Enquirer: 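To start, I am sharing the structure in question, which I have written as structure tokens.
Whatever order the structure lists ligands and atoms in, that order sets their numbers, starting from 1. None of these values were measured; they are calculated from a predicted model.
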Amino acid sequence: TTGMVTLDPGYTNTGSTTSAITYIDGDAGILRYRGYPIEQLAESSSFLEVSYLLIYGELPTAEQLDAWVSRISRHTLLHEDLKRFFDGFPRDAHPMPVLSSAVSALSTFYQDSLDPFVAEQVELSTVRLLAKLPTIAAYSHRKTMGQPLLYPDNSLGLVENFLRMSFGFPVEPYEIDPKLVKALDLLLILHADHEQNCSTSTVRLVGSAHANLFVSVAAGINALFGPLHGGANEAVLQMLGGIRDSGGDIATFVRRVKDKEPGVKLMGFGHRVYKNYDPRAAIVKRTADSILADLGGDDQLLDLAKQLEEVALSDDYFIERKLYPNVDFYTGLIYKAMGFPSRMFTVLFALGRLPGWIAQWREMINDPATKIGRPRQVYTGHGERAFVPVGER
Ligand code: SDX
């Protein structure tokens with residue numbers, strides 16, 4: 001009994017899982033991390049504090065938070081041989097496969113933290129991933145820009161460091177913009193976990209074979225790359241850009257969606273669980289105006305997004321199908337205003353989702369009852385038949 005649900009003594013895991021980390025009520029539009037409403041965490045917490053909450057189950061005391069932040073800040077460097085890894089990718093490589101390759105490669109450089117059943121090794125791989133993913137993400141961005149890789153500066157916080165490695169140059173000091181830091185920290189909190197979504201289920205499934213945390217998270221990054229999942233934030237910007245290029249003809253675009261033209265969806269809309277407004281999208285929308293005003297974002301695309309939302313929310317086609325904006329609908333506009341190219345949007349999603357992946361992997365490793373059992377199937381193929389030699393076919 002968890003105070004929320006009482007499991008029958010004979011409860012067995014058949015393809016779904018139990019978890020004590022994140023609670024979603026799709027109809028009511030509720031999202032809570034370890035019981036805390038996302039609205040309160042977005043308002044008052046920080047990304048590293050939320051990461052601690054998701055992984056350890058409780059909000060840290062001041063000294064626990066200091067120790068956590070300080071420990072993570074000491075692991076931001078990549079092994080020099082791993083840094084060379086980025087030279088091997090083509091200049092126009094999409095940063096997501098670069099990210100998953102580099103994260104997988106962490107398990108070759110840090111072999112002293114691979115055993116899922118040795119607590120110190122799990123702690124070490126947890127801290128190394130949280131500390132090094134921002135460095136890897138910044139490098140995957142710099143690679144595509146043909147710009148030099150900057151070493152992390154451990155006197156900076158995680159988000160400041162990431163922004164400096166992404167946008168700074170070795171020849172001049174990088175001016176930290178507190179508005180940018182606050183906006184990105186908020187978006188990372190909103191993406192930190194989301195129960196058994198596609199990428200998290202992937203991390204749990206790979207980890208259920210007792211694969212180490214690095215390669216399990218690399219698998220999750222690959223799942224997130226899909227345009228129906230994390231790749232949607234990049235697809236929303238392409239969709240809005242296409243509508244703008246057509247002269248802002250929203251009515252024609254909506255008709256094409258309703259006609260189910262192949263490949264034409266209202267990206268950033270709909271959700272497997274939320275059949276109401278995604279509470280994260282509501283928070284992003286509420287802050288988008290002020291963030292874009294601060295950062296000088298593309299107001300034309302924001303206005304277009306708002307008009308598109310207004311049209312969709314008043315159209316029976318979308319209402320009947322319970323299609324509302326999800327977390328990806330507005331976030332890309334903010335990432336763009338921050339200066340990131342659209343190919344980096346899903347990398348930013350992965351940065352935010354990392355503590356959730358880690359927390360869910362650890363929960364599954366520590367409690368096999370929360371393991372997603374081996375998925376079964378309903379067989380729809382041929383019945384038994386005898387082999388026919390090739391000359392007689
Ligand atoms: C994320 O699971 C998570 O928690 C994911 C996530 C997280 O934090 O990890 O929240 C992050 O992945 C958010 C979703 C981002 N993806 C997109 O925005 C891509 C566009 N959305 C769709 O592909 C779709 O809405 C899904 C995949 C997200 C959810 O699909 P569902 O709920 O399974 O709905 P469905 O595919 O069964 O469709 C139901 C109906 C269909 O029409 P009919 O066949 O009944 O006529 O709704 C239609 C669909 O065609 N539909 C859409 C639509 N989404 C569903 N029509 C137009 N545009 C859309 N976006």
Enquirer: Select one of side chain, backbone, both or neither to describe which atoms of His229 lie under 4.0 Å from any atom of ligand 1, heavy atoms only.
Expert: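 Both backbone and side chain.
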Enquirer: Side chain, backbone, both or neither: which part of His271 has a heavy atom under 4.0 Å from ligand 1?
Expert: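 Both backbone and side chain.
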Enquirer: Heavy-atom distance to atom 18 (O) of ligand 1: which of Ala192, Gly268, Gly352 wins?
Expert: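 Minimum heavy-atom distance to atom 18 (O) of ligand 1 goes to Gly268.
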Enquirer: Enumerate the atoms of ligand 1 whose separation from the nearest heavy atom of Ala232 is less than 4.0 angstrom.
Expert: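 This gives 15 (C), 16 (N), 17 (C), 18 (O) as the contact atoms.
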Enquirer: Could you check atom 40 (C) of ligand 1 against the protein and tell me its nearest heavy-atom contact, residue, atom and distance included?
Expert: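 Here the nearest protein heavy atom works out to Arg321 CD, 3.9 Å.
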Enquirer: Cut-off 3.5 Å, side chains only: do Thr331 and Asn233 have a donor facing an acceptor?
Expert: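 Result is no, nothing qualifies.
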Enquirer: Rounded to the nearest 0.5 Å, what separates atom CZ in Phe109 from atom CG in Leu78?
Expert: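 Atom-to-atom, Phe109:CZ and Leu78:CG are 9.0 Å apart.
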Enquirer: Counting heavy atoms only, which part of Gln196 comes closer than 4.0 Å to ligand 1: side chain, backbone, both or neither?
Expert: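 None of Gln196 does.
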Enquirer: Checking side-chain polar atoms at under 3.5 Å, does Ser19 have a donor or acceptor matched by the opposite partner on Glu363?
Expert: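 Side-chain D/A pair, Ser19 to Glu363: present.
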Enquirer: Between Tyr56 and Gln64, do the side chains contain a donor N or O and an acceptor N or O under 3.5 Å apart?
Expert: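 No, no side-chain donor-acceptor pair sits under 3.5 Å.
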Enquirer: Could an N or O of ligand 1 be found under 3.5 Å from any N or O of Val327, whether backbone or side chain?
Expert: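 So ligand 1 has no N or O lying under 3.5 Å from an N or O of Val327.
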Enquirer: Students should be able to answer this: which protein heavy-atom is nearest to atom 28 (C) of ligand 1, and at what distance?
Expert: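 So the nearest neighbour among protein heavy atoms is Gly270 O, 3.8 Å.
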Enquirer: To which protein heavy atom is atom 57 (C) of ligand 1 closest, and what is the distance rounded to 0.1 Å?
Expert: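 The protein heavy atom lying closest is Val257 CG1, 3.6 Å.
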Enquirer: Select one of side chain, backbone, both or neither to describe which atoms of Arg353 lie under 4.0 Å from any atom of ligand 1, heavy atoms only.
Expert: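 Looking at Arg353 and ligand 1, just side chain atoms fall under 4.0 Å.
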Enquirer: Run the salt-bridge test on Asp81 and Arg84 with the 4.0 Å N-O cut-off and return the result as yes or no.
Expert: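 Here Asp81 pairs with Arg84 in a salt bridge, since their nearest N and O are under 4.0 Å apart.
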Enquirer: Enumerate the atoms of ligand 1 whose separation from the nearest heavy atom of Lys260 is less than 4.0 angstrom.
Expert: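 Once the distances to Lys260 are compared, the set is 42 (O), 43 (P), 44 (O), 46 (O), 50 (O).
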Enquirer: Could you see which bit of Leu266 sits under 4.0 Å from ligand 1, with heavy atoms only: side chain, backbone, both or neither?
Expert: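 Both backbone and side chain of Leu266 come within 4.0 Å of ligand 1.
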Enquirer: What atoms in ligand 1 come closer than 4.0 Å to a heavy atom of Lys275?
Expert: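 Result: 32 (O).
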Enquirer: Count the heavy atoms of every other residue, nucleotide or ligand shown that sit under 6.0 Å from CD of Glu175, and state whether that count exceeds 12.
Expert: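 No, not enclosed.
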Enquirer: Please report which non-hydrogen protein atom sits nearest to atom 56 (N) of ligand 1, along with the residue it belongs to and the distance in Å to one decimal place.
Expert: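 The answer is Leu323 CD1, 3.8 Å.
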Enquirer: Does the side chain of Arg343 come under 3.5 Å of the side chain of Thr144 through a donor N or O and an acceptor N or O?
Expert: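 On atom types as modelled, these side chains do not qualify, holding no pair under 3.5 Å.
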Enquirer: Below 4.5 Å, heavy atoms only, C-beta onward: do Glu195 and Thr200 meet side chain to side chain?
Expert: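 No; the side chains remain at least 4.5 Å from each other.
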Enquirer: Between the candidates Lys265, Arg280, Met267, which shows the shortest non-hydrogen contact distance to atom 8 (O) of ligand 1?
Expert: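 Selected option, by shortest heavy-atom distance: Arg280.
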Enquirer: Pull out every atom of ligand 1 sitting under 4.0 Å from any heavy atom of Asn197, numbered as shown with elements.
Expert: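 The atoms of ligand 1 under 4.0 Å from a heavy atom of Asn197 are 2 (O), 3 (C), 4 (O), 5 (C), 9 (O).
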Enquirer: Are the side chain of Thr346 and the backbone N or O of Gly230 linked by a donor-acceptor pair below 3.5 Å?
Expert: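 Side chain of Thr346 to backbone of Gly230, a donor-acceptor pair under 3.5 Å: yes, one is there.
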Enquirer: What is the closest protein heavy atom to atom 26 (C) of ligand 1, and at what distance does it sit?
Expert: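 Of the protein heavy atoms, Arg272 NH1, 4.3 Å lies nearest.
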